[in-house]
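See below for the structure under consideration.
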Amino acid sequence: RIKSLIPIYQRFLGSHTDFLSTPDQFSYELAKDILTKLAKKRSKYNYRIYRGMYVKGSLFPEGIKEGMEFDFYDLSSWSRNQTIAINFSTELPQGLEREVGDKSVIFTMRMKRGTYIDYYSAYDGEEEVITGGKVKILEVTKMEKMQGTILRVLCEQI
């Protein structure tokens, strides 16, 4: 009996090793396709989710205003933990310098579509959610934190 399982195990080990090694173009496209489908999936949960971003002033010269609609691409990473998002919003991306008009921004919304993937995430403790698509800004307020002023942008998925 055990001898009959060896070929099955060898095929599994080969596939598993290939999957975990450096991804090729096919593996990358397959993973992206799966994640994009999970991001568009209607959520059965009503999680409050957060996305923190350090935004260059030149990207939104008119500012971030109520009523604006924009696309968070097909796939974007959010968190159920606001503190995680605050950390992302205050970290200056590598290679950039702070300029007048730059903003630390926390986007927040109730999740209508997307998938909680924390169990599969490469980053422990981020309480990661993947979602994407269009959002509409409902309200913009300022939060005063130790890291400075952070814009809190309440959105809804549309």
Could you grab the distance from atom [atom1] of [X] to atom [atom2] of [Y], nearest 0.5 Å is fine?
X      : Y      : atom1 : atom2 : result
Asp118 : Asp124 : CG    : CG    : 7.5 Å
Ile49  : Ile130 : CD1   : CD1   : 11.0 Å
Ile34  : Thr115 : CD1   : OG1   : 12.0 Å
Arg152 : Ile86  : CZ    : CD1   : 10.5 Å
Leu151 : Thr141 : CG    : OG1   : 8.0 Å
Ile137 : Ile64  : CD1   : CD1   : 6.0 Å

Taking C-beta and beyond as the side chain, do [X] and [Y] meet within less than 4.5 Å on heavy atoms?
X      : Y      : answer
Cys155 : Phe107 : yes
Ile158 : Glu156 : yes
Lys136 : Phe70  : no
Phe88  : Tyr54  : no
Met109 : Thr131 : yes
Phe72  : Lys134 : no
Val105 : Ser89  : no
Arg98  : Leu92  : yes

Side chain to side chain contact (heavy atoms under 4.5 Å, CB included) between Arg42 and Lys112, worked out | CA-CA 6 Å; Arg42 184 161 251 353; Lys112 292 181 182 177; 4.3 Å; yes
Is it true that a side-chain atom of [X] and a backbone atom of [Y] form a donor plus acceptor pair closer than 3.5 Å?
X      : Y      : result
Arg51  : Ala85  : no
Glu66  : Glu139 : no
Ser79  : Asn81  : yes
Arg110 : Asn46  : yes

Given Thr149, which of Met143, Lys142, Lys103 fulfils the side chain to side chain contact (heavy atoms under 4.5 Å, CB included) condition?
-> Lys142
Report yes or no: do [X] and [Y] belong to one cluster of Ile/Leu/Val/Met/Phe/Trp/Tyr joined by side chain heavy-atom distances under 4.5 Å?
X      : Y      : answer
Tyr116 : Trp78  : yes
Met68  : Ile150 : no
Tyr50  : Met53  : no
Tyr73  : Val135 : no

Looking only at heavy atoms, what is the nearest atom pair of Ser76 and Gly132, with distance?
-> OG-CA, 4.1 Å
Salt-bridge present (Lys56, Asp102; N to O < 4.0 Å) |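 Yes, charged N to carboxylate O under 4.0 Å.
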Ring geometry between Tyr47 and Tyr45 (parallel below 30°, tilted from 30 to 60°, perpendicular above 60°) |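 Tyr45 vs Tyr47 ring planes: parallel.
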Going by atom types alone, do Thr108 and Arg48 pair a side-chain donor with an acceptor below 3.5 Å?
-> yes
Side chains of Ser77 and Glu128, donor plus acceptor under 3.5 Å | yes
